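What follows is a short report on a single structure.
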Amino acid sequence: QVQLVESGGGLVQAGGSLRLSCVASGRTFRTYAMGWFRQAPGNEREFVAAISRSGSTTSSADSVKGRFTISRDNAKNTVNLQMNSLKPEDTALYYCAAGVTVTGRVSSYDYWGQGTQVTVSS
């Protein structure tokens, strides 16, 4: 069992930056691939970025490539999402998730946090 708690969301102007963090409970954090997803009202949950257990492999959605960076610190049971050059269309509830492999498929992740809201004003 893994419990995930996100933080770092907020209101920011277009072009600004935010850094999201997700802290995991338990001693098994390093055995999970981690992902970030987002969901805007009326939309399905969509993949943002993912990182392998060691951190050596990452993947990100085309819509955030070059702007968002995922990283992890296994000593601190933390996965981060650095978001730069934010756009109004990045507005959503952002979730972190733990799974078996680096993938953008929602159904492949076993544990989810409650989410942190990111709002980007134009």
Side-chain angles (χ1 to χ4, degrees):
Q1 187 79 11
V2 176
Q3 292 184 325
L4 304 172
V5 180
E6 304 96 335
S7 63
L11 174 64
V12 64
Q13 289 188 330
S17 297
L18 282 175
R19 183 177 177 86
L20 305 184
S21 293
C22 173
V23 179
S25 64
R27 292 174 287 182
T28 60
F29 176 74
R30 63 181 68 242
T31 69
Y32 289 96
M34 299 298 297
W36 284 98
F37 291 78
R38 67 187 181 186
Q39 188 168 16
N43 291 353
E44 292 185 354
R45 193 165 298 189
E46 66 173 7
F47 171 68
V48 176
I51 189 166
S52 62
R53 289 173 290 181
S54 68
S56 61
T57 301
T58 63
S59 177
S60 60
D62 289 343
S63 59
V64 306
K65 273 187 170 68
R67 300 189 298 123
F68 292 10
T69 302
I70 189 171
S71 62
R72 68 187 296 162
D73 184 339
N74 285 343
K76 296 181 179 179
N77 282 15
T78 300
V79 59
N80 301 304
L81 186 69
Q82 178 66 43
M83 306 187 296
N84 299 327
S85 302
L86 283 160
K87 305 175 181 180
E89 51 263 44
D90 295 318
T91 295
L93 189 60
Y94 282 70
Y95 299 90
C96 73
V100 174
T101 187
V102 175
T103 176
R105 188 172 299 175
V106 171
S107 60
S108 295
Y109 290 83
D110 301 311
Y111 301 101
W112 294 82
Q114 293 299 306
T116 185
Q117 179 67 38
V118 171
T119 302
V120 184
S121 64
S122 58

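Model, not experiment: these values are computed from the prediction.
Trp36 and Leu18 fall within a single hydrophobic cluster, where Ile, Leu, Val, Met, Phe, Trp and Tyr are joined by side-chain heavy atoms under 4.5 Å apart, directly or via other members. By the rule that hydrophobic residues join a cluster once side-chain heavy atoms approach within less than 4.5 Å of another member, Val48 and Val120 end up as members of one cluster. Linking Ile, Leu, Val, Met, Phe, Trp and Tyr residues whenever their side-chain heavy atoms come within less than 4.5 Å places Tyr111 and Met34 in a single cluster. Clustering ILVMFWY residues whenever any of their side-chain heavy atoms sit less than 4.5 angstrom apart, transitively, puts Leu81 in the very cluster that holds Leu86.
To the nearest 0.5 angstrom, Asn80 atom CG is 9.0 Å from Ile70 atom CD1. Between the CG atom in Leu20 and the CD atom in Glu6 there is a gap of 8.5 Å [rounded to 0.5 Å]. Distance check, rounded to the nearest 0.5 Å: CG of Asp73 to CZ of Phe29 gives 8.0 Å. One distance of note links CZ of Arg19 with OG of Ser71; it measures 5.0 Å at 0.5 Å rounding. A distance of 13.5 Å separates CZ in Arg38 from CZ in Arg45, rounded to the nearest 0.5 Å. To the nearest 0.5 Å, atom CG of residue Leu93 and atom CD of residue Gln39 are 7.5 Å apart.
In the displayed structure, Arg105 atom CZ is contacted under 6.0 Å by at most 12 heavy atoms of other residues, nucleotides or ligands. The environment of CD in Gln114 is sparse: at most 12 heavy-atom neighbours from other residues, nucleotides or ligands sit within 6.0 Å.
The two residues Thr116 and Gly9 come nearest to each other via the heavy atoms OG1-N, 3.1 Å. The two residues Leu4 and Ala24 come nearest to each other via the heavy atoms CD2-CB, 3.6 Å. When all heavy atoms are compared, the tightest approach of Gly113 to Tyr95 is O-CD2, 3.4 Å.
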For the pair Thr91 and Gln117, evaluate side chain to side chain contact (heavy atoms under 4.5 Å, CB included) and give the outcome as yes or no after the intermediate values. CA-CA 8 Å; Thr91 295; Gln117 179 67 38; 4.0 Å; yes
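Below 30°, between 30° and 60°, or above 60°: for Phe68 and Tyr94 the angle between ring planes is between 30° and 60°, a tilted geometry.
When side chains are defined from C-beta on, Tyr109 counts as touching Thr103, because their heavy atoms get closer than 4.5 Å. By the 4.5 Å heavy-atom criterion applied to side chains, Val106 and Glu46 are not counted as neighbours. The closest side-chain heavy-atom distance from Met83 to Val118 is below 4.5 Å.
A side-chain N or O of Asn84 and one of Gln82 form a donor-acceptor pair less than 3.5 Å apart.
The main-chain N or O of Lys76 is found under 3.5 Å from a side-chain atom of Thr78 such that the two form a donor-acceptor pair. Remark: side-chain polar atoms of Arg67 are paired, donor with acceptor, to backbone N or O of Ser85 under 3.5 angstrom. Ser25 contributes a side-chain N or O that, together with a main-chain N or O of Gln3, makes up a donor-acceptor pair within less than 3.5 Å.
In this structure, Lys65 pairs ionically with Asp62, as a charged nitrogen and a carboxylate oxygen lie closer than 4.0 Å.
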